[in-house]
Amino acid sequence: MTEIVLILLKLAVGVLIACVGAGTSFSEVTYVWQRPRLLFRSLAAMYLLVPLVAFGLVLIMPIERGVKAAMLALAVSAGAPLLPRRLKKLRSEQYVFSLLFTSSLVAIVAVPVWTALLSAWFDVEVQLSIRTVVTDIAKTILLPILIGMGLRAIFPVSADRVANRVMMIAWIVLAVSAITLLGVHREHLVGLSWQGVLALVALMVAALFIGQVLGGPNPNDRTALAITCAMRHVGIALVVAAEFVGVSTLVLVVAYFMTAFVVSTIYLSCRLR
C-alpha cells in the first residue's frame with residue numbers, strides 16, 4: 001500500500017509540474033537570471049538560511065529522531081514546484097517559475113552536499129549520491145517541465161486549457177494519496193511529542209519570515225519567496241525521505257507539506273488584502 005501511494009504521489013507531482021511547464025514559455029526560464037541580486041537573495045534564503053534554521057532547531061530542541069530526519073529532508077529540499085499558478089494574483093509567476101527551474105538545477109549539487117554536512121548533526125544516517133539526485137530530479141522535475149513547455153510550444157492555444165483540467169485531476173490524486181498515507185500510518189503522527197510538532201511549525205514560520213525579508217523591494221516577490229521557502233520542494237523531499245528506513249520520515253514530510261499548503265493559502269489571502 002505504502003509503495004503504491006508513494007508512486008501515486010510522485011506521479012501526481014510530476015504531472016503537476018508538467019502542467020506548470022505547459023503554462024510557461026521558454027523565455028520565462030531566465031527571468032531571475034537577469035536579476036542577479038534577486039537570484040542571490042532567493043537562493044540564499046532557500047538553500048542557506050532555511051537549512052541553518054532547521055539545524056539550529058535540531059540543536060536546541062529535544063525532538064525525536066524521526067522528526068530530525070524529517071527536518072533534514074525538508075531543510076535540503078528547496079523550491080516549490082506546485083506554486084506558480086497559485087501565485088497568479090501576485091503576478092509573480094515568471095519569478096516563481098524561473099526560481100523553480102533554477103533551484104532544481106542548484107539542487108543537483110546542493111542536496112547531496114547539505115545532506116552530507118547535516119546528517120551527522122541531525123543524528124540520522126543518509127547518503128545521497130549526485131548520480132541519484134540528478135536522476136531523480138531529472139525524472140520528477142526537469143523532464144516534466146520540459147515536456148510541458150514543449151507541448152505549449154507545439155500547441156500554444158490548447159496546452160494551457162488542457163493543463164488546467166489535468167492539473168485538477170492531479171491535485172485530487174495528490175490529496176487522496178497524501179490523506180491515505182497519513183491515515184494508514186497515523187501512529188507516526190499520534191505519537192509525536194509537542195516538541196516535535198513545535199519544531200516543524202517553527203521551521204515553517206521561520207521560512208515564511210526569511211522569504212518575506214529577502215524577497216526584495218517588490219512586495220509581491222517577497223510574498224512569493226516567503227511561500228516558496230515555507231512550502232519546500234515536495235518532489236525532492238520525497239526523494240530524500242525515501243532514503244530512510246521505515247515510513248516515519250515520509251509520513252512527517254507529507255504532513256508538513258499538507259499543513260504548509262493550508263498555511264501558505266491563508267498567508268497569501270492575507271497578503272492580498
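We use all heavy atoms of the structure for the numbers below, so side chains are in, but hydrogens, waters and symmetry mates are not. Quick note: residue numbers are just sequence positions, from 1.
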* Asked: Are Val166 and Ile17 grouped together when hydrophobic residues (ILVMFWY) are joined by side-chain heavy atoms under 4.5 angstrom apart?
  -> no
| task | Kindly work out whether a path of hydrophobic side-chain contacts (I/L/V/M/F/W/Y, heavy atoms less than 4.5 Å apart) joins Leu268 to Met167. | result | yes
| query | Knowing that exactly one of Leu182, Leu181, Val247 qualifies, which makes a side-chain contact (heavy atoms from CB on, under 4.5 Å) with His188? | reply |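 That would be Val247; it is the only one of Leu182, Leu181, Val247 passing the side-chain contact (heavy atoms from CB on, under 4.5 Å) with His188.
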Sequence neighbours left out, cut at 3.5 Å: what donor-acceptor pairs do the side chains of residues 60-75 make with other protein atoms?
from  : atom 1 : to     : atom 2 : distance (Å)
Glu64 : OE1    : Ser193 : OG     : 2.7
Glu64 : OE2    : Ser193 : N      : 3.0
Glu64 : OE2    : Ser193 : OG     : 3.4
Arg65 : NE     : Asp123 : O      : 2.7
Arg65 : NH2    : Asp123 : O      : 3.4

- Is the number of heavy atoms from other residues, nucleotides or ligands under 6.0 Å of Glu187 CD greater than 12? yes
- Count the heavy atoms of every other residue, nucleotide or ligand shown that sit under 6.0 Å from CZ of Phe209, and state whether that count exceeds 12.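 No, the 6.0 Å shell around CZ holds no more than 12 heavy atoms from other groups.
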Centres of the Phe55 and Trp114 rings: under 6.0 Å?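 That pair fails the under 6.0 Å test.
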May I ask you to list the residues sharing a hydrophobic cluster with Ile172, side-chain cutoff 4.5 Å, ordered by chain and number?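 Other cluster members: Val176.
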Check: Is any side-chain heavy atom of Leu214 less than 4.5 Å from a side-chain heavy atom of Phe40?
Finding: no
Test of understanding: with side chain to side chain contact (heavy atoms under 4.5 Å, CB included), list the residues that count as partners of Leu8, not counting sequence neighbours.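 Leu8 satisfies side chain to side chain contact (heavy atoms under 4.5 Å, CB included) with Ile4, Val173, Ser177 once adjacent residues are dropped.
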Does Arg152 make a cation-pi contact with Phe155, if we ask for NZ or CZ under 6.0 Å from the ring centre and within 45° of the axis?
-> no
When rounded to the nearest 0.5 Å, the distance separating CD1 of Ile145 from CE of Met149 is 8.0 Å
Between the CG atom in Leu99 and the CE atom in Met46, the distance rounded to the nearest 0.5 Å is 4.5 Å
Any donor-acceptor pair under 3.5 Å from Arg222 side chain to Gly211 backbone:
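No, Arg222 side chain to Gly211 backbone: no donor-acceptor pair under 3.5 Å.
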| Would you say Ser98's side chain and Tyr95's backbone share a donor-acceptor pair under 3.5 angstrom? |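 No; zero donor-acceptor contacts below 3.5 Å.
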